Amino acid sequence: MAYQFDFAPVLAHTDLLLQGAAATLGLTAAGAVLGIALGVLGAICRAWRIQPFSAAFGVYVEAIRNTPFLVQLFFIFFGLPALGVKLSGWEASILAMVINLGAYSTEIIRAGIEATPHGQMEAAASLALNRAQTFVYVVLRPALARVWPALVSQVIIVMLGSAVCSQIAAEELTFAANFIQSRNFRAFETFFLATALYFAMALLVRQLLMRLGQRFIVGRPR
Amino acid sequence: MFVQFTTWDIVRNLLEGGKWTLALSLIAFVLGGTAGLLVLFLRMARNRVAQALAKGYIELFQGTPLLMQLFIVFFGLPLAGIDVSPWLAAALGLTLFTSAYLAEIWRGCVESVPRGQWEASASLALGFTQQMRHVILPQALRVAIAPTVGFSVQVVKGTAVTSIIGFTELTKTGSMLANATFQPFLVFGLVAAGYFALCYPLSLYAKSLERKFHVAR
Amino acid sequence: MSLVSISGLHKHFGTNHVLKGIDLQVEQGDVIALIGRSGSGKSTLLRTINGLESIDEGELVVDGTALHHGEGDLRALRQKVGMVFQQFNLFPHLTAGQNVMLAPTVVKKLSKKETEDIAKEMLLKVGLSDKFHAFPDQLSGGQQQRVAIARALAMRPKVMLCDEITSALDPELVNEVLAVVQQLAAEGMTLIMVTHEMRFARDVGNKLIFMHHGRIHESGDPRIILADPQTPELANFTRAVM
Ligand SMILES: Nc1ncnc2c1ncn2[C@@H]1O[C@H](COP(=O)(O)OP(=O)(O)O)[C@@H](O)[C@H]1O
Ligand SMILES: [Mg+2]
């Protein structure tokens, strides 16, 4: 007999799914704000070759970009207690997301900074701005504006990647779906709906961040 | 019963898992590349329906977690009466994932070929497939090599997620060893080092290709 | 003492000896036109006066602030020297008004009210008081260059440097920018400008400097030396461009 799809046993747990989705969005928001801040810091050190931080950020970026997020997460959650750092599932998830996004955004933002036209630096110098003032008032915002779409894509990659945080008992969307399917034995339907939620969230977050970027970074709502 | 693990035991076991990571990466990359080419053709086709289908396919895989894609394959195929092992689900899931990303990367490369090339080849009465085969793809290929190699790093890292559906590759082996040895710091450090050893050369290669390409232009 | 005093100035780019001993005195209110073939070192000379290029040998004093061998207080110098670039170099994320206000705000630390007043005054001076809130990409090239002039003026510099400020403009936009420069000259601003507009150099400048191979080859009253060049190089040059 052909399989009968039945979504009702999943929809009965809609509240759990929505709570999980909200938790995923919360993780993403925290990861995005802190991760991009870390990226700005790293990009300054890299673009201006401020040693030894530039070299340290270089190693960090390569270490993170060449290992899986899941392994980073396990290392933080299971490995760090050996050093006396014991984190909850939430804390470890946020930390892993920040560290992961920080590495990618360091590279992305650095590219934006390095694409600053030389004339901009000269104009700022001719107006007697110092290096720090030039960076804050002349370089940073246009650099972020140039790479904002790439940063937004990276935030979304990190949000989708956070599905694996369910493995360290962070009660986000995938964790909720796992819990529900263990109760109703409707794994396919449950994960199908969770996937649809992720898809909608990815669209939503992209729209939202692009608008925020247009408003606060490009500086001109269109 | 209590088994004592030496560091060498751990490394030996991890190497065993690493073999499966490597195998899965290769399979996903080769099959995903082939499927990706197909998606690319649909995406670039003049037929609107084909275009829309390909676009939807790409957006779906780029807009959802790889873990969910694996779950859906793993729990969905049995409903159609197809029995899947974690190994098969992992290979199929990652292949689909890879095909969507590669198709999108390659589309960018195809679109970087100047419009005039399409028009010139059309004026010579070449059909769509002939245009792609003889004029567009050879030019797009040069542009595509660096980002394609770059994406292979994402494929290798993506294989780690298959541990969650029970495929015993490097990460899964690491989890089991961490439990058995009570040395998670060492084990996951080694696991990370294993991925780094696979990925870093690919990253370096992609970067050098990119540099070479920019110089050549 | 002269407002700008340059003596024995040398500049190298690697093995390329670009400025080969420049001596130049600029008095308060002078309007100096720098002419010469491409590559003769005009831009480099202008940029050293603003500290954008370091000095290998010699001395530069602007209103009492001195630079030797690239040593000295660059930012103090730059507050006395305004510069306008060929490519405008407006800050694209700031409005015209904000472009003008930036340096008075962050360098001179003036209040918002003061900098706003300055910006309004300067934009009025260049005929763009209605463009305070416009972004650079909403302005024509001529308007952008006038905002750039207002931005430099806002620091109340002692001397303004203009490096081919009309060269990137469409022909029909050249005059609106030249008119602003002419008005500045009439108000007594000290100006050093690299230009290809020979008529403008003759009519507005009180001194003309012809550079050749990194040296001041000939200089004097523009009406006199353009009509009667003393060196074959200047004669060739004027024949080529006029
Ligand atoms: N940043 C630089 N690095 C190396 N060489 C330069 C640089 N700027 C100018 N030069 C060289 O210095 C010489 C004078 O250039 P420039 O002052 O721009 O001449 P002009 O403005 O009269 O056309 C040229 O040979 C030019 O190639
Ligand atoms: Mg020049």
Side-chain angles (χ1 to χ4, degrees), chain A residues 1-5 24 61-83 85 153 156-157 159-167 172-174 177-178 181 185-206, chain B residues 21 59-81 101 150 153-164 169-172 174-175 178-179 182-204 207:
Chain A
M1 200 182 86
Y3 182 80
Q4 296 291 314
F5 289 101
T24 291
V61 165
E62 293 304 340
I64 295 303
R65 294 203 307 174
N66 289 292
T67 51
F69 177 68
L70 180 61
V71 175
Q72 294 159 14
L73 190 69
F74 282 175
F75 186 80
I76 288 171
F77 187 71
F78 297 117
L80 286 192
L83 301 184
V85 184
S153 293
I156 292 187
I157 287 173
M159 178 177 90
L160 298 176
S162 75
V164 302
C165 295
S166 56
Q167 298 305 301
E172 40 66 80
L173 179 49
T174 303
N178 245 327
Q181 68 94 17
F185 304 106
R186 290 279 173 180
F188 180 82
E189 289 90 334
T190 309
F191 289 125
F192 184 88
L193 284 181
T195 304
L197 263 177
Y198 272 112
F199 191 66
M201 284 156 62
L203 288 178
L204 187 89
V205 170
R206 182 180 296 279
Chain B
T21 291
E59 280 176 5
L60 202 64
F61 281 94
Q62 293 197 336
T64 56
L66 173 60
L67 179 57
M68 286 294 145
Q69 295 160 22
L70 292 170
F71 277 159
I72 287 194
V73 170
F74 190 58
F75 292 107
L77 285 186
L79 304 186
Y101 275 84
V153 175
Q154 309 301 323
V155 177
V156 176
K157 293 193 294 179
T159 60
V161 180
T162 65
S163 66
I164 298 174
E169 37 62 85
L170 183 51
T171 304
K172 181 80 180 167
S175 292
N179 281 330
F182 302 106
Q183 288 187 290
F185 186 83
L186 172 68
V187 171
F188 285 119
L190 288 172
V191 169
Y195 283 106
F196 190 83
L198 286 175
C199 294
Y200 190 56
L202 289 170
S203 294
L204 283 182
K207 205 178 267 178

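Throughout, a chain's letter reflects where its sequence line sits, starting with A, and its residues are numbered from 1. These numbers come from a predicted model, not from an experiment. Computed over heavy atoms, backbone and side chain alike; hydrogens, waters and symmetry mates excluded.
- For a residue to count as touching a neighbouring chain, one of its non-hydrogen atoms must lie under 4.5 Å from one of that chain's; by this rule Phe77(A) does not touch chain B.
- Looking at Leu83(A), only its side chain comes within 4.5 Å of chain B, counting heavy atoms on both sides.
- Between Phe188(A) and Ile72(B), the closest heavy-atom pair is CE1-CG2, 3.7 Å.
- The most heavy-atom pairs under 4.5 Å with chain A, out of Gly194(B), Pro65(B), Cys199(B), come from Pro65(B).
- Taking the six-membered ring for Trp and thresholds of 30 and 60 degrees, Phe75(A) and Phe185(B) have ring planes inclined between 30 and 60 degrees apart.
- With a threshold of 4.5 angstrom between heavy atoms, Thr64(B) approaches chain A through its backbone and through its side chain.
- Options Leu197(A), Val164(A), Leu80(A) differ in how many heavy-atom pairs under 4.5 Å they form with chain B, and the most are formed by Val164(A).
- To the nearest 0.5 angstrom, Ile164(B) atom CD1 is 5.0 Å from Leu70(A) atom CG.
- Two residues are said to be in side-chain contact when any heavy atoms from C-beta on lie closer than 4.5 Å; Val153(B) and Asn66(A) meet this criterion.
- Here the closest heavy-atom approach between residue Ala202(A) and residue Gly63(B) is recorded as CB-O, 3.7 Å.
- Applying the 6.0 Å contact sphere to CZ of Phe61(B) captures more than 12 heavy atoms from other residues, nucleotides or ligands.
- Here the closest non-hydrogen pair linking Phe199(A) and Glu59(B) is CE1-O, 3.2 Å.
- Using a 4.5 Å cut-off between heavy atoms, Leu198(B) does not touch chain A at all.
- Considering CD of Gln62(B) and CG of Leu160(A), their distance stands at 10.0 Å, rounded to 0.5 Å.
- Of the two parts of Ala192(B), the backbone and the side chain both hold a non-hydrogen atom closer than 4.5 Å to a non-hydrogen atom of chain A.
- At a 4.5 Å heavy-atom cutoff, the contact between Ser163(B) and chain A is made by side-chain atoms alone.
- In terms of heavy atoms, Lys157(B) sits closest to Ile64(A) at NZ-O, 4.5 Å.
- Side-chain contact check for Ser166(A) versus Leu67(B): some heavy-atom pair is nearer than 4.5 Å.
- The shortest non-hydrogen separation linking Phe74(A) to Ser175(B) is CE1-OG, 3.5 Å.
- For the side-chain hydrogen bond (donor to acceptor under 3.5 Å, both in side chains) condition, no pair includes a residue of residues 73-82 of chain A, sequence neighbours left out.
- The nearest pair of heavy atoms linking Phe196(B) to Glu62(A) is CE1-O, 3.4 Å.
- We find the CZ-CD distance between Phe188(B) and Gln72(A) to be 13.0 Å, quoted to the nearest 0.5 Å.
- Residues Phe71(B) and Thr174(A) have side chains in contact (heavy-atom distance under 4.5 Å, counting atoms from C-beta outward).
- With rounding to the nearest 0.5 angstrom, the CD atom of Gln183(B) is 15.5 Å from the CZ atom of Phe78(A).
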